[in-house]
Amino acid sequence: MTEKLIDQEVVEADNAGRRAGFEADFAALAESFGRRGIAIDAVVEKVRAFTVAVPSWGVGTGGTRFARFPGPGEPRGIMEKLDDCAVIHQLGRATPAVSLHIPWDRADPGALRDKAASLGLSFDAMNSNTFQDHPDDPEQPLSYKFGSLSHADPAVRAQAVEHNLDVVEFGKGVGSTAITVWIGDGSNFPGQVDLSRSFERYLEAAKTIYAGLPEDWRLFTEHKMFEPAFYSTVVQDWGTNLLIARELGEKAFCLVDLGHHAPNVNIEQIVSRLIFAKKLGGFHFNDARYGDDDLDAGSIDPFRLFLVFNELVEAGDVLERLRPAHMIDQSHNVTDPIESLIRSSGEIRRAYAQALLVDRAALRNHQDENDAIMASECLKQAFRTDVTPILARARLLDGGAIDPIAAYRASGYRNKVAAERPATKGSGGGIV
Ligand SMILES: [Mn+2]
């Protein structure tokens, strides 16, 4: 029996007030779909089956390098983070898995597994951390100030490798089958590091991690153009990332964080190329305007998110074999993290639902006829469709809320945990 942290009666009461409006909107959309020859129930079922993992670190307030402004009732450790993740899933029904970050979430793996099971949650990809020092960890006495897996000192590289293998071991204990590796290694000044030698050192270290992967595990490497290094970064773009995945082997894949590219880069084309190479490992969903802004998915450029999903739907069977991991990676500085994560998971599903509506036969025809206007309109028609009733229907069928943020606010959950959880400095707010 799954423990429900928000009284289901509160959810039902909120749904009751919205049901008539929802039913009317759904019927109108179904009628419109009928005219377009789209079976709305099939779309609803696909949306129901689409899930995305929430990051354990996302339920705490993030912060910038200038300041962090904690909110009330912040989770004080991983068990309370799991409670908040369970609330997100109870209402939104799109986020049954949590992505853990070690060392921030270190706890007894058996206790974590039991806690997650009691809440109806499971664990997605593990995340290692060699982008900051761990003075409290006797296993990691050496500093990562000048890098980790690419560090000039072999002792630091060995420590970073050992940490990653330790995260894999921990992950086995909680039922995870993947590790995401992001390193902050790079340089601030031309000449500071040898661009070739640092990459060779990285590859050698990554191969040692790869050799320690269990048979059924996957290794995701995540590229990022800059930050914390501002002149060069060792794993800076998808080209380097693909090179790494190919060097390592069949269990290595590339992870695409939507915020980790140069401004105006065509991310959907990168996704297409990685699908072609059969090396698309998964996503860190978020949105950005300037850099690695880690804003809520779909909040700045929903059309770009739609175009990414358009590539995923277009890939069809290939994607079923690749099984890319869907994860959110955001930093919540001015919102209640639970509300941001409910909204983001809904927006990700929205982009997916819209991509399902693209008339692919017509699109291909327009492309082959070089009809740029009609091809473009074909995508825009799908993108313009308001699929809100489909998202609500998918949640309702799984016991969730028609309007999950409204139900969350009606529940008073934040005030309740604010009383139970005295303010702390929080545990781990850094985001990659
Ligand atoms: Mn990321």
Side-chain angles (χ1 to χ4, degrees), residues 1-8 10-11 51-61 70-129 136-137 166-180 214 217 325-330 332 336-342 345 398-400 404 408 411-430:
M1 184 67 190
T2 301
E3 185 187 353
K4 290 205 159 56
L5 297 176
I6 286 179
D7 188 344
Q8 193 64 22
V10 172
V11 180
T51 61
V52 57
V54 294
S56 65
W57 59 95
V59 289
T61 298
E74 289 215 347
R76 293 165 297 179
I78 182 56
M79 297 303 178
E80 290 177 356
K81 289 179 186 174
L82 289 177
D83 284 342
D84 289 3
C85 292
V87 166
I88 294 163
H89 185 48
Q90 181 186 346
L91 301 173
R93 307 311 298 164
T95 56
V98 179
S99 200
L100 293 175
H101 187 117
I102 301 298
W104 300 337
D105 300 326
R106 199 180 280 288
D108 175 58
L112 275 177
R113 215 173 166 146
D114 290 347
K115 171 77 173 174
S118 75
L119 296 169
L121 298 172
S122 62
F123 295 105
D124 205 277
M126 301 295 303
N127 297 271
S128 59
N129 178 336
D136 301 332
D137 183 352
D166 180 42
V167 171
V168 170
E169 198 55 37
F170 185 93
K172 280 159 67 181
V174 299
S176 176
T177 56
I179 179 171
T180 300
W217 272 56
H326 308 122
M327 294 169 278
I328 294 173
D329 184 3
Q330 298 177 171
H332 310 112
D336 180 327
I338 290 178
E339 294 188 2
S340 269
L341 287 164
I342 288 173
S345 58
D398 288 318
Y408 169 71
S411 77
Y413 178 81
R414 181 56 70 189
N415 287 339
K416 180 173 140 312
V417 292
E420 293 167 0
R421 304 170 179 172
T424 70
K425 285 183 188 166
S427 56

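Each residue takes its place number in the sequence, starting with 1.
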query = So how far is it from Lys416 NZ to Ile6 CD1, rounded to the nearest 0.5 Å?
reply = 8.5 Å
ask   = Going by heavy atoms in the side chains, are Thr180 and Met327 under 4.5 Å from each other?
value = yes
task = Taking the side chain as every heavy atom from C-beta outward, state whether Leu119 and Leu82 have any pair of such atoms under 4.5 Å apart.
result = yes
ask   = To the nearest 0.5 Å, what is the distance between CG (Asp83) and CD1 (Ile338)?
value = 9.5 Å
inquiry  = For Tyr413 and Tyr408, take the angle between the two ring planes, folded into 0 to 90°, and tell me which bin it lands in: parallel under 30, tilted 30 to 60, perpendicular over 60.
reply    = tilted
request  = Please report the C-alpha distance between Thr51 and His89 in whole Å, then the side-chain angles of each, then the deciding distance to 0.1 Å, and finally whether the side-chain contact (heavy atoms from CB on, under 4.5 Å) criterion is met.
outcome  = CA-CA 10 Å; Thr51 61; His89 185 48; 5.9 Å; no
query = Taking atom CG of Asn127 and atom CD1 of Ile102, what is their separation to the nearest 0.5 Å?
reply = 9.0 Å
task = For residues Met126 and Val174, determine if any side-chain heavy atom of one lies less than 4.5 Å from a side-chain heavy atom of the other.
result = yes
inquiry  = If you compare all heavy atoms of Pro72 against all heavy atoms of Ala418, which two are closest, and at what distance to 0.1 Å?
reply    = CB-CB, 3.9 Å
key: Spacing of Phe123 atom CZ and Thr177 atom OG1 [to the nearest 0.5 Å]   = 13.0 Å
ask   = Can Asp84 and Arg421 be counted as an ion pair, charged N to O under 4.0 angstrom?
value = yes
ask   = Do Gln330 and Pro337 come within less than 4.5 Å of each other through their side chains, counting heavy atoms only?
value = no
request  = Please tell me if the side chains of Lys115 and Leu121 come closer than 4.5 Å, counting only heavy atoms from C-beta onward.
outcome  = no
query = Given the rule in the side-chain contact (heavy atoms from CB on, under 4.5 Å) test, do Val59 and Leu341 qualify, once you have shown the distances and angles that lead to the verdict?
reply = CA-CA 8 Å; Val59 289; Leu341 287 164; 3.8 Å; yes
Validation row: Thr95, Cys85 side chains within 4.5 angstrom (heavy atoms) = no
key: Exam field: side chain Arg93 to backbone Gly399, donor-acceptor pair closer than 3.5 Å   = no
inquiry  = Rounded to the nearest 0.5 Å, what separates atom CG in Asp124 from atom OG in Ser56?
reply    = 11.5 Å
ask   = Between Glu74 and Thr61, is there a donor-acceptor pair closer than 3.5 Å when you use the side chain of the first and the backbone of the second?
value = yes
inquiry  = For Ser176, is there any backbone N or O sitting under 3.5 Å from a side-chain donor or acceptor partner on Trp217?
reply    = yes
Full working for side-chain contact (heavy atoms from CB on, under 4.5 Å) between Gln90 and Val11 = CA-CA 9 Å; Gln90 181 186 346; Val11 180; 4.2 Å; yes
N/O donor-acceptor pair under 3.5 Å between Asp398 side chain and Gly400 backbone = no
Heavy-atom side-chain proximity of Val54 to Ser345 below 4.5 angstrom = no
task = State, to 0.1 Å, how close Gly120 and Thr2 come at their nearest heavy-atom pair, and which atoms those are.
result = N-CG2, 3.7 Å
request  = Would you indicate whether the side-chain heavy atoms of Arg106 and Asp166 approach each other to under 4.5 Å?
outcome  = yes
key: Atom pair NE2/OG of His101 and Ser128 - distance to nearest 0.5 Å   = 7.5 Å
